[in-house]
Amino acid sequence: MCGIVGVIGHKDASKLAYLGLCALQHRGEESSGIVSYDRKNTHSHKGMGLVGDVFNEETLKLLRGFMAVGHVRYSTTGSSISKNIQPFLVNHRKGHIAIAHNGNLTNTAELRQTLEEKGSIFQSSMDSEIIVHLLAKSTKSDSKARTIEALSQLQGAYSLVLMLDDVLIGVRDPYGFRPLCLGKFDGAYVLASESCALDLIRAEYIREIEPGEIVLIKKNSIESLKPFSQIKHTACIFEYIYFARPDSNIFGQNVYFTRKRLGYQLAIEYPVDCDIVMPIPDSGNYAAMGYSEKSGIPLETGLIRNHYIGRTFIQPSQEIRDFRVRVKLNAIKDVLKGKRVAVVEDSIVRGTTSRSRVRTLREAGAKEVHMLVSCPPLVSPCYYGIDFPTKKELIASKHTIDWIRNFIGLDSLKYLSLEGMLKAMPLAKDEFCTACYTGKYPTAIPKKFSKTQLEGRR
Ligand code: SF4
């Protein structure tokens, strides 16, 4: 996952891009970067870490120009190291290219091998760099034809913001796996992964970029192309379940209400005899609200998130069990003591984090703990830009629900059905990718795949 943003037609383009990245921070915490262009030169500033740590007033002043692209990264191809920070910027015989990419290509290995055999030299281990090479190698003279020629060779998931000389380009792959929307602020056009980035800068939301659409934006004009043959759209359903911010509209629809409807549906499918309903914060909050509303069981806050802690590197002593979980979430004993608790969780990946959280609830005095998960069991890895572990690390791929219940230490465990999840969605059920729940992938998948597949090669 990553967050991407592009701005054109504003004297403070990089400042707007910076604010957009602040709003998209949840999509990637590993590194941040902005590239700007002032009609003479490109300017770039990138670093490992959060947006607020990488940029300050001085660095933003140096990012001059009427145009900027920005990126926050959560690595899915290529390790979390400085050479893999985006936007990726190159100067070539015809001008410059900067790219910010969200998604994962599925024909990375083939494309990279072909390009290397023809003499391309790569600086990073990211699939995104391949797109830059394809654009730079194009023999077409104008930006429109170059973009179409390069993108027609890609397979898989890609939402892109590209700076091609003085043109800002927004792209969604023909399947439409990842979101990308368009807005306008003070005469400038803004592209962003989610609408919450537009809200922060008070930009007017115009629309979602459509699957398979290429939008070319110059200072005062905007052109839309749909050069690829139409195929069935498969938006990532996990964006609605977990990833996107609840105050965003993605794929043209609101995330908050969708999560509430997931909770509603859970209450219809699995009524539980409990004293209180509580979420695992923050991603379970809205499904828990929906569950409480539909079931009539009071909603309480049993765990409080510490918002000031980032990653925790220091474990004070082995005796302080579950330290990493407890430093982020602390139980309110007076809420939980003696209660039968229905806990709403957005998803279970390995199961180890859920186990620690449930232990915290029991230690705080909960009499019974029942877990309700607002999506079906995750059984297959994602090849389209979510860093799920391998199949064998996904707990539900090799164990029964009863085994998982016992492992986590629950009185009962219920997952929302596939039909129920699709029913709660704001788009038609055949508009989604659900491969991590079903194992049915909408594209051909790589024979061999690992996040570091382009590293350590001879
Ligand atoms: S496999 Fe799952 S996480 Fe990946 S794109 Fe499909 S729905 Fe989203």
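Each residue takes its place number in the sequence, starting with 1. Counting starts at 1 for both ligands and their atoms, in listed order.
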Which atoms of ligand 1 have any heavy atom of [X] under 4.0 Å away?
| X | value |
| --- | --- |
| Cys436 | 1 (S), 2 (Fe), 3 (S), 7 (S) |
| Arg178 | 5 (S) |
| Tyr384 | 5 (S) |
| Ala435 | 1 (S) |
| Ile386 | 3 (S) |

Worksheet item: Taking the minimum heavy-atom distance to atom 4 (Fe) of ligand 1, which of Gly385, Cys433, Ala235, Cys382 ranks first?
Response: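 Shortest heavy-atom distance from atom 4 (Fe) of ligand 1: Cys382.
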Please check if the distance between the ring centroids of [X] and [Y] is under 6.0 Å.
| X | Y | result |
| --- | --- | --- |
| Tyr240 | Phe251 | yes |
| His45 | Phe55 | yes |
| Tyr383 | Tyr441 | yes |
| His133 | Phe122 | yes |

Worksheet item: Where does Lys440 meet ligand 1, judged by heavy-atom distances below 4.0 Å: at the side chain, the backbone, both, or neither?
Response: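 Near ligand 1, Lys440 shows nothing, with every heavy atom at 4.0 Å or more.
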Item to complete: Please report which non-hydrogen protein atom sits nearest to atom 8 (Fe) of ligand 1, along with the residue it belongs to and the distance in Å to one decimal place.
Response: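 Ranked first by proximity to atom 8 (Fe) of ligand 1 is Cys236 SG, 2.3 Å.
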Worksheet item: Who pairs with Tyr256 by ring pair (Phe, Tyr, Trp, His ring centres under 6.0 Å), at least two apart in sequence or on another chain?
Response: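 Ring pair (Phe, Tyr, Trp, His ring centres under 6.0 Å) check on Tyr256 returns Tyr286.
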Practice prompt. For Phe407, check ring pair (Phe, Tyr, Trp, His ring centres under 6.0 Å) against everything at least two apart and list the hits.
Written response: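 Scan of Phe407 (ring pair (Phe, Tyr, Trp, His ring centres under 6.0 Å), adjacent residues dropped) gives Trp403.
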